[in-house]
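Following: one structure in structure tokens, then a few remarks.
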Protein chains: 2
Amino acid sequence: MAAKRASISDIAKELNLAVSTVSRALSGHSRISEATRKRVWKLAEQLNYQPNHLAAALRKGRSNTLGVIVPHIDGHFFALVMKGVEAVANKAGYNVMLCQSNEDYEHEQKNIETLINAQVDGILVSLARTTRDFKHFEKVRKRDIPLVFFDRILEGVDVSAVVLDDYQGGYQSVKHLLDQGCRRIAHFGGPQHLNIYKNRYAGYCQALHDHNIPFEKDLVVFGDMTLEDGIRSMNQLLALPQRPDAVFSASDFSAVGAMQVLKQRKLRIPYDIALSGFSNETFASLTEPMLTSVDQHCEEMGGAAVRLLLEMVQERTKQLSPRKIVLQPQLLPRESSRWRQE
Amino acid sequence: MAAKRASISDIAKELNLAVSTVSRALSGHSRISEATRKRVWKLAEQLNYQPNHLAAALRKGRSNTLGVIVPHIDGHFFALVMKGVEAVANKAGYNVMLCQSNEDYEHEQKNIETLINAQVDGILVSLARTTRDFKHFEKVRKRDIPLVFFDRILEGVDVSAVVLDDYQGGYQSVKHLLDQGCRRIAHFGGPQHLNIYKNRYAGYCQALHDHNIPFEKDLVVFGDMTLEDGIRSMNQLLALPQRPDAVFSASDFSAVGAMQVLKQRKLRIPYDIALSGFSNETFASLTEPMLTSVDQHCEEMGGAAVRLLLEMVQERTKQLSPRKIVLQPQLLPRESSRWRQE
DNA sequence: ATGAAAGCGCTAACAT
DNA sequence: ATGTTAGCGCTTTCAT
């Protein structure tokens, strides 16, 4: 029963060698005779030796584990990011420890503690929507644990991060709507303390400005970007004396909410009102009409974030100054915004 | 810089106590004077002491970490399961290490090694679609690491698992379609070596049988359950001399594929052909018509799986015989299958 | 090329 | 109630 696992010292005893020799043989040290190396490896196989990472980690002070904190894992975006994270991390020999903050600041603080205690070698974070300060990251800094943010970061804080050019995403979306002939373009925006929503909004504003469309305050509605929020916001817009002829939503969910309202009111999409969303959720190509959206290259973002983090982990000595990587978004025009369908 | 972390022995030295005393004070041991306990905690706070879990794990032989292997994390189901897993695990003081097998057998084997090396206290697995044997789990058994499967398990192997009553899900779906007046009900089925698809199919067969509907081989199409597969399968069915009047798909994705074909051919859903899927993906309530589906209580499944696993972890001594927990599915009738809409 | 020995930070058995 | 001590399995310096 209970098969005790073979250790280096077991192998050493069996072969009449010193543990240090066995350790070196196993880790491919150069100053070990070919003969010894072979004997050791053979017995290791036989005994089905598995290295005890915990012990190695304790000794070396590194755990070969990366911690990741995401607001939530349901939904397209973070799931795909995790795919990229995992792929790159595993290839580099690192494990991944996952925490969800549930969009909650307090929870995020706990997550940080958890990861510090687990002795992770580096931390990847995308902020909870309710996070507005940086206190809990001070601990991480103090311990000199490499830290990389992705997607959602706090405005005005100088940290390493991998982000999407949300400004471009917003700009292109609005430009596309303008190209279709829309002139009164509304915007569903998210919490403005988060870079992503702020930048999408900024892109919207700039695109209007560049095309000499006057900005109308009434056409911008802020909310929490859920489907229900989209319903609420759309109804609010339709109650205006003069309704918009397009909506650029900073989220696919609220865009779909708007879509439901429009369909229910028998307004034609895109002819009466065109619609575009953000994130290219799975369902974006399954709605009717299919929803125009912005792809965020999620997997790539995850991969890039890990690569950046590993660089920092491996060159811990040199205090590198914070680096930012900006990925370009890709507009995917679909039926909800295109007047002429191919 | 590089803030060295305070250790128990640091605290002990500072307070002129033995490390064991400090350790006990910190872990709430009963035989420690209130005064000492307070002094220790106070200094611990001051020094911002964080326990070194690695060391504790090495010493105790337990890492307080659970490993989870999922086929993939994108898509509704596993993402929600992970939510449940994480919630329960964290509450019980365990961390979660996540691996994705990418639906690949080889990858799954690697994942197992990874988790064993990481010294996890227990492993949760949902099998890759390409996994057909059990060899790689023998190592886990030999090491006596508690192992719990969820959702996807191998047929005919006696293991602890948390599964959905897929048979019921299939049965109810078909019964519902029959209740709507459908008589020629087709089925899109998945790989039959996986319990979930086999049972959904079995439920389909039994429901037909119970209602005296003859089984027709041509109405059953097996595939890989993707959207494209649904398109292919639907076209295949429409080429039959006599077409079906309903399809029960074992996946929402292939159901949506079918939906696209039907819409394109101007067949009315549900009037010409009714549709029902499985898994209640996010998009199921966003298609037009909204897709009837079966909810799997994903979060609950994740939670139940962890609870079962933790039981095994905590009572490791007593070799419990494998336990199965079966959750009941919930049919969600929507427009794609209902003749009379409320 | 190999060995001896120290120690990572913690817990727990065994004192007192 | 507190102290002493051994050791979890590994890596690494210093010898030889």
Side-chain angles (χ1 to χ4, degrees), chain A residues 2-41 43-44 47-65 93 116-121 143, chain B residues 2-41 43-44 47-65 93 116-121 143-144 316:
Chain A
K4 201 181 148 294
R5 48 192 299 163
S7 69
I8 286 196
S9 106
D10 293 337
I11 299 182
K13 244 172 250 161
E14 187 85 13
L15 259 37
N16 254 315
L17 287 169
V19 280
S20 50
T21 309
V22 176
S23 171
R24 282 189 278 244
L26 251 15
S27 58
H29 197 281
S30 56
R31 272 175 159 41
I32 289 288
S33 78
E34 197 49 34
T36 312
R37 192 195 314 284
K38 274 200 181 128
R39 287 207 305 151
V40 168
W41 273 96
L43 186 58
L47 298 181
N48 192 15
Y49 167 76
Q50 299 282 132
N52 185 332
H53 277 205
L54 254 38
L58 178 61
R59 176 62 231 249
K60 292 197 282 194
R62 299 184 295 104
S63 63
N64 267 268
T65 299
I116 290 180
N117 285 354
Q119 314 274 111
V120 295
D121 294 340
R143 286 215 155 47
Chain B
K4 199 180 150 294
R5 48 193 298 162
S7 69
I8 285 196
S9 107
D10 293 336
I11 300 184
K13 242 171 251 161
E14 188 85 13
L15 258 38
N16 254 314
L17 287 169
V19 279
S20 53
T21 309
V22 176
S23 172
R24 282 188 280 244
L26 251 16
S27 58
H29 197 283
S30 56
R31 273 175 159 39
I32 289 288
S33 78
E34 197 50 34
T36 312
R37 191 196 314 284
K38 275 200 180 129
R39 286 207 306 151
V40 168
W41 274 97
L43 186 58
L47 298 180
N48 192 15
Y49 166 76
Q50 299 283 131
N52 185 332
H53 276 206
L54 254 38
L58 178 61
R59 174 63 231 249
K60 293 198 280 194
R62 299 183 296 103
S63 64
N64 267 270
T65 299
I116 291 180
N117 285 354
Q119 316 274 110
V120 295
D121 294 340
R143 285 215 157 45
D144 234 21
R316 186 101 86 98

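Keep in mind that what you see is a predicted model, and the values were worked out from it rather than measured. Letters A, B, ... mirror the listed sequences (proteins, then strands); counts begin at 1.
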Could you check how far [atom1] of [X] sits from [atom2] of [N], rounded to whole Å?
X: Tyr49(A); N: dG9(D); atom1: OH; atom2: P; value: 10 Å
X: Ile11(B); N: dG9(C); atom1: CD1; atom2: P; value: 13 Å
X: Ile8(B); N: dG7(C); atom1: CD1; atom2: P; value: 19 Å
X: Leu26(B); N: dC10(C); atom1: CG; atom2: C1'; value: 11 Å
X: Asn16(A); N: dG3(C); atom1: CG; atom2: P; value: 8 Å
X: Gln119(A); N: dC10(C); atom1: CD; atom2: C1'; value: 11 Å
X: Leu15(A); N: dA1(C); atom1: CG; atom2: C1'; value: 15 Å
X: Lys13(A); N: dG9(D); atom1: NZ; atom2: P; value: 10 Å

Short side-chain to backbone donor-acceptor contact, Arg5(B) and Arg143(A), under 3.5 Å: no
Test of understanding: with side chain to side chain donor-acceptor pair (under 3.5 Å), list the residues that count as partners of [X], not counting sequence neighbours.
X: Ser33(B); answer: Thr36(B)
X: Asn64(B); answer: none
X: Asn48(A); answer: none
X: Ser63(A); answer: Asp121(A)

Check every strand shown and say whether [X] touches a base, only sugar-phosphate, or nothing at a heavy-atom separation below 4.0 Å.
X: Asp10(A); value: nothing
X: Leu54(A); value: nothing
X: Ser7(A); value: sugar-phosphate

Please list, one pair per line, the donor and acceptor atoms closer than 3.5 Å that link side chains of residues 15-32 of chain A to other protein atoms, with sequence neighbours excluded.
from     : atom 1 : to       : atom 2 : distance (Å)
Ser27(A) : OG     : Ser23(A) : O      : 3.0
Ser27(A) : OG     : Arg24(A) : O      : 3.4
His29(A) : ND1    : Arg31(A) : N      : 3.2

When you compare the protein's N or O atoms with those of nucleotides 4-8 of chain D, which come within less than 3.5 Å of each other, and at what distance?
from   : atom 1 : to       : atom 2 : distance (Å)
dT4(D) : O4     : Ser20(B) : OG     : 3.1
dG7(D) : N2     : Arg59(B) : NH1    : 3.3
dC8(D) : O2     : Arg59(B) : N      : 3.4

Give the minimum heavy-atom separation between Ala6(A) and Leu47(A), together with the two atoms involved. CB-CB, 3.8 Å
With Ala56(B) via side chain to side chain contact (heavy atoms under 4.5 Å, CB included) - residues at least two apart: Lys60(B)
Sorted by chain and residue number, the salt bridge (Lys or Arg N to Asp or Glu O under 4.0 Å) partners of Arg37(A) (sequence neighbours excluded) come out as Glu34(A)
Proximity to DNA chain D (any heavy atom under 4.0 Å), residues of residues 27-40 of chain A only: none
